[in-house]
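These notes concern the structure reproduced below.
A note on names: the letters A, B, ... follow the listed sequences, proteins ahead of strands, and every chain is numbered from 1.
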Amino acid sequence: MFCVKNARLHPRTIWHFTSYGVLPIRCYRRPGVPPDNTPPWKKIDFNFSKGVQGIKKHFGLLKKEMFERFEGPQGRPMREIMLEQTRVVWEFRNQESLEQWVVSSDEEMGGKSKIYLRLSRNNQTALLYGNMCTEVPKDGETRYSGYCTLRSKQLLGAFNVKTHHDWSNFNTLYLRIRGDGRPWMMNIATETYFQHQKNDMYNYFLYTRGGPYWQDVKIPFSKFFLTSRGRIQDDQHPLWLDKINTLGFTLGDKADGPFHLEIDCIGVCNDRAHTEEFAYEKYKKNP
Amino acid sequence: MNATRFLFHTRSLRLPLLCVAGLRNKSLSSGPIALHRFLSSDHCTRRCLCSKPVFRRDPSQSEESQNKPDKTLISYDNLFERAALDSKNKATFSHVLDVFKNKDIRRRGHVEFIYAALKKMPEFGVEQDLAIYNKLLDVFPKEVFIPRNFIQRMFNHYPRQQECGVQILEQMENYGVLPNVETKVLLIQIFGKKSHPIRKYQRLMYWFPRFKHVNPYPVPRELPQDPVDLARFSLHRIAADLNAKVTVYQMPSSDHNEDGNLVCQPYIVGIQSPDQREVLAKHRPNRPVFVEGPFPLWLKRTCVYYYVLRADPLPPEEKVEEPVDPERNFFYPLELELDYDRDLGDDEDFDVDEVEEGPVYAMCMTDSGDRDTLAKWISGLQETNPILGCTPTVFRLDSGPSEVQSCTVSDHPEIEDVLQGQKMAQ
């Protein structure tokens, strides 16, 4: 948390345009790297053809959003939305499906892990591969290193307004994967109201068996626990599924070496045998 | 007397190093024998004693470099490094802790000592030892850091010491060591009931047991040392079939041949389930089978490699739908020919295209991935699967690890070698 007044005066602060207005957000800055003092207007690309493309794209999206309401919410008939028990959210069948994802690793903070995402050889599944390295960068501040992440992009509507996944009809996350025995972590980031909750995430483990067979994994949403900046929080809260921003995979098992994970599809389903609301105690801990 | 302020080398010198309390000469003479050994290079600490040098000077350096002082902080003689000269194990580590604890009743400089000890723990191989962690916590003086009135309780009382205590617990967390009651008693004695280290302890005790058994594919903490046992464990894990049977085709052995050279025989351990055998029996001998690999499998920090015997998926025109045997299950029908349309609310299937992949017939692990070894595995498989005798076998072996993938043969750049199964049978 930071004081807004001080943050405005601070030169490191960058201005972030959100739907709530202009708010300063202090991002991570690598130790030893000078602060980025370029004024915000220098970062804007005033290219004319790009502007025309943007107008075409956004007005097209606006038109689509206006007309799909006649069909039903999100352009799908109401009957389907009310009755469906399963929904495939992401499937990896072509190159465009990879555009919805972002990979990142500890290279951003000076580490040496590498991660890449591409279609695997039969062009039917996504292959996430790379090399894990837990060598801590020598900047004097970082103590741990070694992670690789795949994260879906934020859904954006017309004029880059944030839109969200609404999974409130479902209670289980479904994944069809094939790994190499390493444990991964699933991260779900939801829309939050306050700025200081922007690092909140709901996590659970994804264990891979390894071997040549595909694995169907079902993770109930009730098992996800709340973390912030990589620390489990004392006050836990069930995951609210109506506004899901991103879903991510994280590897950080401290084992140096190559890794791979193949993802066939990611979906949500309604497991009627699962009735648990939340797997952890919700009373106030540490009074 | 601060003779041993030079004894401890702490790397995190963000704050000025506190004076580590002196080890009196009295205790030196009356101390245990090993203590003399740690302090045997006493003369160098004595030399530093006379003046209070902040910068180290190396006599081997040239004259002009001696004139301008070295910018690094002084490198203190390290108690742990001296102990490490002897041997790096639990006994020496705990002895160092004992030496520090018995040296001074005030335990001055214990925070720096604990940070140095935490850093040295993996080197001595005690990073997963709960007794050592408890002993390390015991270095803190008791009852000094407990807040006594509401003002102390309101503010962060002795923050550096509490931070250090939390750091010990965090290292325990990172290495997966669950604290016990002794840890709790020590923490309460040192920091009081509602301090930050106690909170950390409570968090560990809440979350650790909760996630202890969530892994559906558990790996033991100590993996089997014998490579054959390790291969057996890994193959059972990846086979995903309880009926699968492991066969050891060749035990590891090393022998001297007539020239006197050492000849090592690699181990070959394979696994095949009855279902796989059944599928392989229906394989058409005109289509080749492939030996692919090596593919990595991670068991915590160890990586093992396995090989797969598989075939390409059948082209759609050659697929035959086999009717399900109605006597396979007497309790409920496996097929229902009802002309009902399913409602959307009862549809539990995901609307995705199936990924087309060839069947896997067997898997094996060996420590040398050359073609001869794998050919031995195939010839061993022929005893139970006679169809392999008349099927061409193609070896697609990578030099490095790769993803598990079935793909068309044409765009495969690796070594391809067709061996007629009949030849191998000889």
Side-chain angles (χ1 to χ4, degrees), chain A residues 79-80 82-88 91 93 120-122 124-125 127 129 140 143-144 174 176 178-183 204-205 207-217 223 225 231-232 234 253-262 264-265 267 269-272 279-281 285-287, chain B residues 12 14 170 174-175 194 198-199 202-203 206-207 210-211 214-219 234-235 237-241 292 295-304 306 308 310 313 343-357 360 363 400-408 411-412:
Chain A
R79 179 183 169 272
E80 193 183 307
M82 287 179 73
L83 283 181
E84 67 181 345
Q85 301 296 312
T86 59
R87 186 192 291 172
V88 179
E91 54 179 327
R93 293 291 181 268
S120 48
R121 275 192 236 150
N122 53 2
Q124 279 179 325
T125 51
L127 174 68
Y129 66 104
R143 287 190 299 162
Y144 310 111
Y174 169 84
R176 193 149 184 275
R178 178 160 67 181
D180 57 353
R182 290 201 188 221
Y204 198 68
F205 314 101
Y207 292 101
T208 57
R209 179 196 287 277
Y213 294 111
W214 285 97
Q215 209 183 323
D216 292 295
V217 185
K223 300 242 182 236
F225 51 87
R231 304 266 175 195
I232 305 188
D234 282 351
D253 64 346
K254 300 176 195 163
D256 287 355
F259 63 88
H260 68 80
L261 177 76
E262 277 183 84
D264 177 17
C265 68
C269 66
N270 188 14
D271 186 357
R272 275 170 267 193
Y280 312 103
E281 281 82 350
K285 288 177 239 17
N286 292 342
Chain B
S12 58
R14 279 181 218 146
E170 189 171 319
N174 278 339
Y175 287 107
K194 289 196 173 180
I198 280 290
R199 294 292 192 224
Q202 286 167 340
R203 279 168 203 140
Y206 181 78
W207 291 106
R210 208 154 265 273
F211 297 141
V214 283
N215 192 350
Y217 318 110
V219 183
S234 331
L235 286 172
R237 177 182 165 120
I238 62 178
D241 191 348
E292 290 180 357
F295 303 116
L297 169 72
W298 284 89
L299 305 165
K300 283 195 179 153
R301 309 271 173 101
T302 26
C303 187
V304 292
Y306 63 92
V308 166
R310 73 185 318 158
D343 188 55
L344 191 60
D346 294 327
D347 191 8
E348 305 269 318
D349 297 331
F350 285 87
D351 182 23
V352 275
D353 305 328
E354 196 73 17
V355 178
E356 286 282 319
E357 283 196 343
V360 176
M363 286 168 279
S402 66
E403 81 262 34
V404 184
Q405 196 65 78
S406 74
C407 66
T408 52
D411 63 341
H412 217 285

Quick check: does any side chain N or O of A:Arg182 sit under 3.5 Å from a backbone N or O of A:Tyr207, one acting as donor and the other as acceptor?
-> no
Which bit of A:Asp271 comes within less than 4.5 Å of chain B, counting heavy atoms only: side chain, backbone, both or neither?
-> neither
Hey, could you give me the SG/CG distance between B:Cys303 and A:Asp256, rounded to the nearest 0.5 Å?
-> 12.0 Å
Heavy-atom distances under 4.5 Å only: say whether A:Tyr204 touches chain B with side chain, backbone, both or neither.
-> side chain
Under 4.5 Å heavy-atom distance to chain A, tell me which part of B:Asp349 shows up: side chain, backbone, both or neither.
-> backbone
Test: A:Glu262 and A:Arg121 ion pair at under 4.0 Å | no
Of all of A:Gln85, A:Arg79, A:Glu80, which one pairs up most often with chain B through heavy atoms under 4.5 Å apart?
-> A:Gln85
Going through the checks in order, is the side-chain hydrogen bond (donor to acceptor under 3.5 Å, both in side chains) test met by B:Glu170 and A:Tyr144?
-> CA-CA 12 Å; B:Glu170 189 171 319; A:Tyr144 310 111; 2.6 Å; yes
Can you tell which of A:Gln215, A:Lys223, A:Met82 has the highest number of heavy-atom pairs within less than 4.5 Å of chain B?
-> A:Gln215
With chain A, which of B:Val355, B:Asn215, B:Asp351 has the greatest number of heavy-atom pairs at distances under 4.5 Å?
-> B:Asn215
Output the distance between atom CZ (A:Phe259) and atom CG (A:Asp180), rounded to the nearest 0.5 Å.
-> 8.5 Å
At a heavy-atom separation under 4.5 Å, does A:Phe205 approach chain B through its side chain, its backbone, both, or neither?
-> side chain
For the rings on B:Phe211 and A:Phe225, is their centre-to-centre separation under 6.0 Å?
-> yes
Count the heavy-atom pairs under 4.5 Å between each of A:Arg272, A:Glu84, A:Lys254, A:Arg209 and chain B, then report the option with the highest count.
-> A:Arg209
Heavy-atom contact with chain A under 4.5 Å, split by part of B:Leu299 | neither
When rounded to the nearest 0.5 angstrom, what is the spacing between OG1 in A:Thr125 and CZ in A:Arg176?
-> 9.5 Å
Of all of A:Cys269, A:Gly267, A:Gly210, A:Pro183, which one pairs up most often with chain B through heavy atoms under 4.5 Å apart?
-> A:Gly210
